[in-house]
Amino acid sequence: MFKALADPVRRDILILLKKRKMSAGEICEHFDMTNATISYHLSQLKKAGLIFEEKKKNFIFYQLNASVFEEIMLWISQFGGNNNEKEN
């Protein structure tokens with residue numbers, strides 16, 4: 001998952017999907033890349049569980065998997081700690 005998030009293009013795709021679900025063609029309109037390159041990035045995000053795909057007729061729509069981000073935030077929050085806690 002962190003490897004998928006390391007790529008700036010993938011992070012930009014996630015920001016787009018934060019607003020609404022989009023087709024691959026709609027996502028491609030925001031980048032100066034080939035459809036194949038965007039498709040590769042989408043497959044990496046999907047493999048990491050960061051997005052879902054939904055097929056409607058001849059189109060595939062992608063949407064953010066918000067529950068994964070909630071899990072990440074909960075996991076990261078455990079490292080924030082409280083300044084009043086004693087370190088071991």
Practice prompt. Would you name the heavy atoms of Met1 and Val68 that are closest together and state the gap between them?
Written response: SD-CG1, 3.7 Å
Worksheet item: Would a hydrophobic clustering, with Ile, Leu, Val, Met, Phe, Trp and Tyr connected at side-chain separations under 4.5 Å, put Phe31 with Phe61?
Response: no
Worksheet item: Between the side chain of Arg10 and the main-chain N/O of Leu5, is any donor-acceptor distance below 3.5 Å?
Response: no
Discussion item. For the OG atom of Ser23 and the CG atom of Leu42, what is their distance to the nearest 0.5 Å?
Written reply: 10.0 Å
Worksheet item: Does one hydrophobic cluster hold both Ile60 and Ile13, with members joined at side-chain heavy-atom distances below 4.5 Å?
Response: yes
Worksheet item: In Å, rounded to the nearest 0.5 Å, how long is the span from OH of Tyr62 to CD1 of Ile38?
Response: 11.0 Å
Worksheet entry | Geometric class of the Phe79/Trp75 ring pair [parallel <30°, tilted 30-60°, perpendicular >60°] | perpendicular
What side-chain donor-acceptor pairs closer than 3.5 Å can you find for residues 44-54, not counting sequence neighbours?
from  : atom 1 : to    : atom 2 : distance (Å)
Lys46 : NZ     : Glu53 : OE1    : 3.4
Lys46 : NZ     : Glu53 : OE2    : 3.1
Glu54 : OE1    : Lys21 : NZ     : 2.9

Fill in: Under the side chain to side chain donor-acceptor pair (under 3.5 Å) test, residues paired with Ser39 that sit two or more places apart
none
Worksheet item: Could you state the interatomic distance from CG (Leu14) to CG (Asp7), rounded to the nearest 0.5 Å?
Response: 10.0 Å
Item to complete: Apply side chain to side chain contact (heavy atoms under 4.5 Å, CB included) to Asn35 and list each qualifying residue two or more places apart in sequence or on a separate chain.
Response: Cys28
Worksheet item: Is any side-chain heavy atom of Glu26 less than 4.5 Å from a side-chain heavy atom of Arg20?
Response: yes
Worksheet entry | Sub-4.5 Å side-chain heavy-atom contact between His41 and Thr37 | yes
Item to complete: Write down the atom of Asn65, the atom of Ser67, and the distance for their closest heavy-atom approach.
Response: OD1-OG, 2.8 Å
